[in-house]
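Remarks on the structure that follows.
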Amino acid sequence: MRVATWNVNSLRVRLPQVLEWLTLASPDVLGLQETKLTDGEFPIEALAAAGYQAVFAGQKTYNGVALLARELPEDPVTELVGFEDPQRRVMAGTVGGVRIWNLYVPNGQSVDSDKYTYKLGWLAALRETLAAELEKHERVIVMGDFNIAPDDRDVHDPAAWAGKVLCSEPERSALTSLLDLGLEDLFRRFDQAEDTFSWWDYRAGGFRRNHGLRIDLILGTAAMADTCTTCVVDRAPRAWERPSDHAPVMAEFEGGA
DNA sequence: ATGGTGGTCCAACCA
């Protein structure tokens with residue numbers, strides 16, 4: 001089974017790229033973030049024609065998440081436990097017996113922002129949600145745009161980013177507390193090229209200069225990690241015409257689909 | 001150089 005995550009920064013604009021990438025990479029599951037579509041605008045038919053069913057949680061202008069698979073994901077969930085939120089950032093479902101949480105973690109804007117406080121509260125609610133989930137399921141994937149670079153290897157210029165949003169200690173601690181529940185960053189199970197990132201700012205030639213961060217992650221429980229054979233960032237779509245500012249990340253697992 | 005680009009939607013917010 002191949003499982004992937006991609007922040008597309010508007011599915012309306014990026015649908016051609018998504019369809020192209022589905023053909024090229026042939027994932028069994030794809031989590032999308034920042035679809036920026038209401039549910040009524042979701043391109044169900046175009047994705048069905050490409051062989052994918054979807055569950056989705058959208059809103060106008062901002063956020064929006066979707067989970068695509070070859071068969072409709074079961075037992076969908078769009079909320080964190082005890083965290084009422086009009087922002088659509090969570091789309092969980094079960095595919096092939098694997099419980100999959102696709103997330104668009106709040107960006108936080110800056111460490112002195114109200115949005116940063118919201119981000120840390122959201123992550124605390126996520127921890128509670130996943131703690132309960134991991135009690136119930138052995139095979140769990142938690143993936144998406146985490147808006148956190150796990151450590152300095154995931155940052156093009158650690159000195160410049162030190163203490164800043166996406167790299168601050170409270171954010172990294174919140175991520176560590178998720179991992180402590182029994183999850184592993186699957187990317188780091190494998191040898192990786194230095195300076196492998198998943199997001200590059202549109203501004204100042206970020207991609208051309210490889211000034212990026214690795215903030216798009218696929219976490220897995222031990223049962224998933226044990227069967228994981230690869231986890232890679234596919235930089236290619238970031239170089240296409242009219243790209244998202246994020247590249248897709250994909251992990252492959254033995255057995256199943 | 002404390003900027004820049006891009007999406008949404010047309011002023012201003014978000015990333």
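Chain naming here is simple, since letters A, B, ... match the order of the sequence lines and numbering starts at 1 in each.
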message: Between A/Cys228 and A/Phe190, is there a side-chain heavy-atom distance shorter than 4.5 Å?
response: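 Answer yes - side chains close enough.
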
query: Are any of the side-chain heavy atoms of A/Asp28 and A/Glu71 separated by less than 4.5 Å?
result: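 Of all side-chain heavy-atom pairs linking A/Glu71 with A/Asp28, none is under 4.5 Å.
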
Just by distance, with hydrogens left out, do [X] and [Y] show a side-chain donor and acceptor under 3.5 Å apart?
| X | Y | answer |
| --- | --- | --- |
| A/Gln59 | A/Thr38 | no |
| A/Glu171 | A/Ser168 | yes |
| A/Asn7 | A/Glu34 | yes |

Row check, A/Phe197 ring normal vs A/Arg214 NZ/CZ: under 6.0 Å, within 45°: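 Negative - A/Arg214 is either too far from the ring of A/Phe197 or too far off its axis.
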
- request: Heavy atoms under 4.0 Å is the rule here; annotate nucleotides 2-12 of chain B 5' to 3' with B where the base is hit, S where only the sugar-phosphate is, and - elsewhere.
  value: --BBSSSS---

Nucleotide [N], atom [atom2] - distance to [atom1] of [X] in whole Å:
| X | N | atom1 | atom2 | answer |
| --- | --- | --- | --- | --- |
| A/Tyr118 | B/dC14 | OH | P | 12 Å |
| A/Asn7 | B/dC14 | CG | P | 17 Å |
| A/Gln87 | B/dA15 | CD | C1' | 13 Å |
| A/Lys119 | B/dA15 | NZ | C1' | 11 Å |
| A/Asn63 | B/dC13 | CG | C1' | 12 Å |

- request: Looking at every strand, decide which applies to A/Tyr104 at a 4.0 Å heavy-atom threshold: base, sugar-phosphate, or nothing.
  value: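 A/Tyr104: backbone/sugar contact only, no base atoms under 4.0 Å.
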
- prompt: Any idea how A/Phe42 and A/Phe56 line up, ring-wise: parallel (<30°), tilted (30 to 60°), or perpendicular (>60°)?
  reply: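 Parallel.
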
- request: Indicate the ring-plane relationship of A/Trp240 and A/Trp6, choosing parallel, tilted or perpendicular according to the 30° and 60° boundaries.
  value: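 A/Trp240 vs A/Trp6 ring planes: perpendicular.
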
Dot-bracket notation for DNA chain B, counting Watson-Crick and G-U pairs under 3.5 Å, with | for partners on another strand: ....((((...))))

For [N] and [M], measure between their [atom1] atoms and round to the nearest Å.
| N | M | atom1 | result |
| --- | --- | --- | --- |
| B/dG4 | B/dC14 | C1' | 16 Å |
| B/dG7 | B/dG3 | P | 22 Å |
| B/dC9 | B/dA15 | C1' | 16 Å |

message: For the OG1 atom of A/Thr176 and the CD atom of A/Glu169, what is their distance to the nearest 0.5 Å?
response: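 If we round to the nearest 0.5 Å, A/Thr176:OG1 and A/Glu169:CD are 8.5 Å apart.
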
